[in-house]
Amino acid sequence: MTPPDTTSGIDPDAPHRYTATLADDIERRWQDRWEAEGTFWAPNPVGDLAPATGADSGDEDAGELGDKFFIMDMFPYPSGAGLHVGHPLGYIATDVVGRFRRMLGDNVLHALGYDAYGLPAELHSIQTGEHPRDNTLANITTMKRQLRRLGLAHDERRSFATIDPDFVRWTQWIFLQVFESWYDEDAQRARPISELRAEYESGARNAPDGAAWSELEPLERSLLIDSVRLAYVDDSPVNWCPGLGTVLANEEVTGEGRSERGNFPVYTRKLRQWKMRITAYSDRLIDDLDRVDWPESVKQMQRNWIGRSAGAHVRFPVVGAQDAAIDVFTTRPDTLFGATYMVLAPEHPLVDSITPDQWPDEVSRAWTNGQDDPRTAVAAYRAAAAAKTDVERQAGAPGPGGSAGGARDKTGVFTGAHATNPVNGESIPVFVADYVLMGYGTGAIMAVPAHDERDFDFATAYGLDIRPVVQAPEGHEGVWTGDGPAINSSHGDLDLDALSVDDAKTTAITWLQDHGRGAGTTTYRLRDWLFSRQRYWGEPFPIVYDAQGQPHAVPDSMLPVDLPDVPDYSPRTFAPDDVTSEPEPPLARATDWVSVTLDLGDGPQRYRRETNTMPNWAGSSWYELRYADPHNTDRAVDPQNEQYWLGPREAGGTGGVDLYVGGVEHAVLHLLYARFWHKVLFDLGHVSSEEPFHRLFNQGYIQAYAFTDERGTYVEAADVVEHEDGSWTYEGRPVQREYGKMGKSLKNVVTPDEMYAEYGADTFRIYEMSMGPLDASRPWETRAVVGSQRFLQRLWRLFVDEATGEVRVTEDAADAETLHVLHQTIDGVRADMDGLRFNTAIAKLIEMTNHLTKKQVRARSVLEPMVLMLAPVAPHVAEELWSRMGHTGSLARAPFPVADPAHLAADTVTCVVQVAGKVRGKIEVSPDIGDEELEALALAEPNVVRSIDGRPIRKIIVRAPKLVSVVV
RNA sequence: GCCGACUUGGCGGAAUGGUAGACGCGACGGUCUCAAAAACCGUUGUCCGAAAGGGCGUGCGGGUUCGACUCCCGCAGUCGGCACCA
């Protein structure tokens, strides 16, 4: 008989031991087979990826595809730097989920594309002269090879890159959809421009100024239409970055007023640029956050970014000026009686017209900045404000004493004008100050120093009245921004006194509306999306300009508009502080391309092409749709395919990708833009889903330790030695440890290739998944990887004789305890997989393996479910064992084990006995023991008796069969 | 400043209000070996104790509860986002 193979019989050099070499052989073999057999192909309802079922039309087949599960990763930018072990974390996680869902019977759509436009490739081209496409495609090839070795269960037929002409064609098509739409505020949705034009032509609608369509000149008509398009050219302040030679979206500018890429200063200035009217969707973008399954933190970030705030517009007539009035936005209309002055932003258009030639009598010296007349004073102040970058402006001017600059000292100047407070007729001074921003609200405020910190600071500095109109709690000093009864707030027919803040707001707004002096309103922080860049490596706009400079869509049949070859890929860049420079995109130099003759309905004419390109966010704003129908030449996505993969599952649902995994760094940029485009496409009837991503999950990051020597230079982390006292040395010299990213410059990169070579892909996958919860960041520790390999080796040994390679699985029946362990494990692993808790799922598999090893269990009825549970995380070794047990096909679609309730309950349960809240005894009892019997057993336990020590028992809590708590 | 998340052994981390520290790394002890490495087996929160057992322990201070890592209040620290947004 077989000698009991216990501890000492294990030979590390056994020929059939699960080593990196064997793993490598197994993994490559299965990867080739999966590819050859198309194991992970996901059929579509219709089109080229529909199942080949003869003459049947697609409609019938859709039902036969079964339940779907669409899982997505945030696709990568194909960098030339190569992967480190942090990159695949999310891809492994989605692969585990995808494989699990496939074993539950779902039709799983999982593929990976490449977000291939980007600055690095362009910078590389500027240096080398190589076309960015060549470099990018080479990087994609390398990256695919590295990722393939992970054994990801992707449908390769659905992979694409955003630079593929076939993809660009539809990116440009979507741009034109946006361009050819307007937002109908009444219907609260985007509608085609053609419908608006029809309404104008039929006379159903007049221009906003009341003019009839028929009375307008052709150019006026174009301008009217263009002014409401969702994609439009606008000459308004943008973020100009001379150092990069391009403009940037607000989202691409850091809090310090610098470019996110390159860290160059950014200046606000007016330039003619493409924008997208994302602000039209502000409410829906906020409201629909309640309908998606996203991390609360990301939802909150988007809410903050959109920045909806409710309040009122109030008109303050300018004293002495006929029709002039200052329109302000306030969130606190309840404090109108506390408004003691007003402030205009330096760029506010009314500043010039309201500033008089002379100071009024008895003007305070502090208000004039020492200037002899208001016009000079205001002009000087505005010039000074304009010269500041946003950074300086936000940092605040250094105080008179050269203060360290912590506080944002308020500066400003009196305009010499006064305005009338509409609620009490009071005349209050109007200032210009740069603490009021032109970009928010109306660029003008009513200042209520008693209840606003900023106004309080300014009022204190300039000696302005501070009048409390909300009763602060007793003993409170300074500004009170909280709730309380209104005081000093009554005049004429408006009486707010004693009302709470909320009630006073409502009352004040009603009064303002009734008297035509204002209205309740909502403002947003969100600005329209700046959509053009002065760069080469991006999608060209499918737009041409006519002789009058009016934009026209390039006809659909001419898409895609390809990038022309240019002699030089760089935009003209300037000194980082050259504010007045004019942007000059590289495409402008392709003069033959720029000038084009087209017939857009009026016969052949010369047009000039748009020479800006789209921002890198364009491709990623709709790529989820293309996975569902990657080769469609007639549409971006066929409606049936879209409905199947993305359509809402229940009435009123948003639909969207079932699970989208990626880093939290895209919380506002990519995720906001993608939602916006998706909603436009929904409004126009191109998709049935209202949201692109139904469930979002942010994976954490793999961090790493880096080490610096005494000069602060990074040293090779792999060669640092740790000492028992917790210190580290490199080549004998002491080094300092720091914790952060993995990167070449930090000399702490560990690559997946090293892991494949040393342990194999399955070990690497297990390690990454077992390090901790998926949403937490954690440090990489190469020396811990061996633990995952030991697990797989132990498991392998259960099945395979390491000396002979013989499969040792028997047809024996399993003992009751093992069955209990098995079904407990099945139950737990299923739940963990569902909740993306791969770390605890793996821990349970390890526990079970340790149990089977200890008991030398070889029963097929236990080992087969074990292999199936392992398959999502370690698919290659699972496939190998499955096939060695005699199965011929892949286990990719084998049913995931189901726990048998009969085996879930244990024979005995450990009951804990607490005395005065402390555990004093444990007793093994039957799971269905009664309360009374359990109580009696507990009180008979010697250690429990000793702990009670004769004290009177006040109460006994029995939770059979797990717990007895004795209160003394 | 505002918003959000987090804080558990030497380390990564487990724990529907019910045995704190599962699982893994490391460390220590052992088996095998001439030896070492590898592998395997065992121990491992901390203090007292020969043991039985007991004290103390989940950032800090309170509270609710028979019972709190878990719930509530206050504080500190770390990380992320926003930031003169009216």
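The chains referred to below are lettered A, B, ... by the order of the sequence lines, with proteins before strands, and numbering in each begins at 1. Values below: all heavy atoms of this structure, side chains included; hydrogens, waters and symmetry mates excluded.
Tested against A:Lys844, the residues A:Thr825, A:Asp832, A:Asp827, A:Thr849 include a single side-chain hydrogen bond (donor to acceptor under 3.5 Å, both in side chains) partner, A:Asp832.
Legend: salt bridge (Lys or Arg N to Asp or Glu O under 4.0 Å) pairs involving residues 441-455 of chain A, not counting sequence neighbours, sorted by first then second residue: A:Asp452-A:Arg454. Legend: salt bridge (Lys or Arg N to Asp or Glu O under 4.0 Å) pairs involving residues 955-968 of chain A, not counting sequence neighbours: none detected.
Under the Watson-Crick or G-U wobble criterion, with both distances below 3.5 Å, B:A14 has no partner in any strand shown. When both distances must be under 3.5 Å, the Watson-Crick or G-U wobble mate of B:C6 is B:G77. When Watson-Crick and G-U wobble pairs are counted only if both distances are under 3.5 Å, B:C69 pairs with no nucleotide at all. Under the Watson-Crick and G-U wobble criteria, each requiring two contacts below 3.5 Å, nucleotide B:U33 is left unpaired. Summarising the base pairing, B:G1 is matched to B:C82 through a Watson-Crick or G-U wobble pair whose two defining distances lie under 3.5 Å. Remark: B:G45 base-pairs with B:C56. Criterion, Watson-Crick or G-U wobble with two distances under 3.5 Å. In this structure B:A38 sits in no base pair that meets the Watson-Crick or G-U test at under 3.5 Å.
Computed from coordinates, the A:Ile846 CD1 to B:G13 P distance equals 16 Å when rounded to whole Å. To the nearest angstrom, P of B:A14 lies 12 Å from CD1 of A:Ile842. The nearest whole Å value for the distance from the CG atom in A:Leu672 to the C1' atom in B:C82 is 15 Å. Residue A:Lys922 contributes atom NZ, which lies 10 Å from atom P of B:U19 at whole-angstrom precision. Rounding to whole angstrom units, CG of residue A:Leu845 and C1' of B:G24 are separated by 14 Å. Separating the CG atom of A:Leu437 from the C1' atom of B:C84 is a distance of 6 Å, rounded to the nearest angstrom. Note: CZ (A:Phe791) to C1' (B:C25) measures 16 Å, nearest angstrom. Look at CG on A:Asp457: it is 20 Å from P on B:A83, rounded to the nearest Å.
Ring geometry for A:Phe458 against A:Tyr462 counts as parallel: the plane angle stays under 30°, on a 0 to 90° scale with 60° as the upper cut.
Expressed to the nearest 0.5 Å, how far CZ of A:Arg765 lies from CG of A:Leu792 amounts to 11.0 Å. Between the CG atom of A:Leu672 and the CD atom of A:Gln302 there is a distance of 5.0 Å, given to the nearest 0.5 Å. Rounding to the nearest 0.5 angstrom, the gap separating the CD1 atom in A:Ile278 from the CD1 atom in A:Ile306 is 7.5 Å.
At the phosphate of B:G26, OP1 or OP2 sits under 4.0 Å from a side-chain N or O atom of A:Arg790. Residue A:Arg303 places none of its side-chain N or O atoms closer than 4.0 Å to OP1 or OP2 of B:C85. Residue A:Lys918 has a polar side-chain atom (N or O) positioned under 4.0 Å from OP1 or OP2 of B:C56. Contact check, A:Asn839 against B:G24: no side-chain N or O comes under 4.0 Å of OP1 or OP2. Checking the phosphate oxygens (OP1, OP2) of B:A86, a side-chain nitrogen or oxygen of A:Ser309 falls inside 4.0 Å.
A:Tyr524 and A:Ser309 share no donor-acceptor pair across their side chains, judged by distance under 3.5 Å alone. Defined by atom type and a distance below 3.5 Å, a donor-acceptor pair is present between the side-chain atoms of A:Tyr440 and A:Thr523.
Taking the side chain of A:Arg525 as heavy atoms from C-beta on, and the options B:U19, B:A83, B:A39, the nearest nucleotide is B:A83. Side-chain proximity of A:Asn850 to B:C85, B:C25, B:C23: nearest is B:C23. Checked against B:A39, B:G13, B:C85, the side chain of A:Arg778 finds its nearest nucleotide in B:G13. Among the nucleotides B:A39, B:A14, B:A86, the one closest to any side-chain atom of A:Pro773 is B:A14. Of the candidate nucleotides B:C23, B:C84, B:A86, B:A86 has the atom lying nearest to any side-chain atom of A:Thr330. Between B:A86, B:C84, B:A14, one nucleotide has an atom nearer to the side chain of A:Lys410 than all others, and that is B:C84.
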Evaluate side chain to side chain contact (heavy atoms under 4.5 Å, CB included) for A:Arg837 paired with A:Val829, printing each intermediate quantity in order. CA-CA 9 Å; A:Arg837 295 183 298 269; A:Val829 168; over 6 Å; no
Working for side chain to side chain donor-acceptor pair (under 3.5 Å), residues A:Arg303 and A:Gln300: CA-CA 5 Å; A:Arg303 287 189 195 109; A:Gln300 201 53 46; 3.0 Å; yes
Yes or no on side chain to side chain contact (heavy atoms under 4.5 Å, CB included) for A:Arg797 and A:Arg17, after CA distance, side-chain angles and deciding distance? CA-CA 8 Å; A:Arg797 236 177 351 255; A:Arg17 186 176 177 74; 3.3 Å; yes
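Along RNA chain B, the nucleotide nearest A:Phe329 and the nucleotide nearest A:Thr840 are compared for position; the residue whose nucleotide lies closer to the 5' end is A:Thr840.
Separating the P atom of B:A14 from that of B:G24 is a span of 15 Å, rounded to the nearest Å. Nucleotides B:A35 and B:G26, compared at atom C1', are 24 Å apart to the nearest Å.
Cation-pi geometry between A:Arg525 and A:Trp305 is met: the NZ or CZ atom falls under 6.0 Å from the ring centre, inside 45° of the normal. Because its NZ or CZ atom is both nearer than 6.0 Å to the ring centre of A:Tyr705 and within 45° of the ring axis, A:Arg737 counts as a cation-pi partner of that residue.
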Between protein and nucleotides 4-11 of chain B, what N or O pairs are separated by less than 3.5 Å?
none

Would you list the protein and nucleotides 42-47 of chain B atom pairs, both N or O, that sit under 3.5 Å from each other?
none

Return the polar atom pairs (N/O with N/O) between nucleotides 49-54 of chain B and the protein under 3.5 Å, or none.
{"residue": "B:G54", "atom": "OP1", "partner": "A:Arg920", "partner atom": "NH1", "Å": "3.1"}
{"residue": "B:G54", "atom": "OP1", "partner": "A:Asn943", "partner atom": "ND2", "Å": "3.3"}

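Among the heavy atoms of the strands, none lies under 4.0 Å from A:Arg308. Across all strands shown, A:Ser777 has heavy atoms under 4.0 Å from sugar-phosphate atoms exclusively, and none from any base. Counting any heavy atom pair closer than 4.0 Å across all strands shown, A:Ala784 reaches sugar-phosphate atoms only and no base atom. As judged by a 4.0 angstrom heavy-atom cut-off over every strand, A:Thr910 is placed among the base-contacting residues. Counting any heavy atom pair closer than 4.0 Å across all strands shown, A:Lys844 reaches no nucleic acid atom.
For A:Glu924, the CD atom is densely surrounded, since the number of other residues' heavy atoms within 6.0 Å is greater than 12.
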Between protein and nucleotides 63-81 of chain B, map the contacts as a letter string: B base, S sugar-phosphate only, - none, heavy atoms under 4.0 Å, written 5' to 3'. ---B--------------S
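B:G9: glycosidic angle within 90° of 0, hence syn.
Between A:Trp780 and A:Tyr767, the distance from one ring center to the other falls under 6.0 angstrom.
Electrostatic pairing of A:Arg332 and A:Asp334 counts as a salt bridge here, judged by a charged N lying under 4.0 Å from a carboxylate O.
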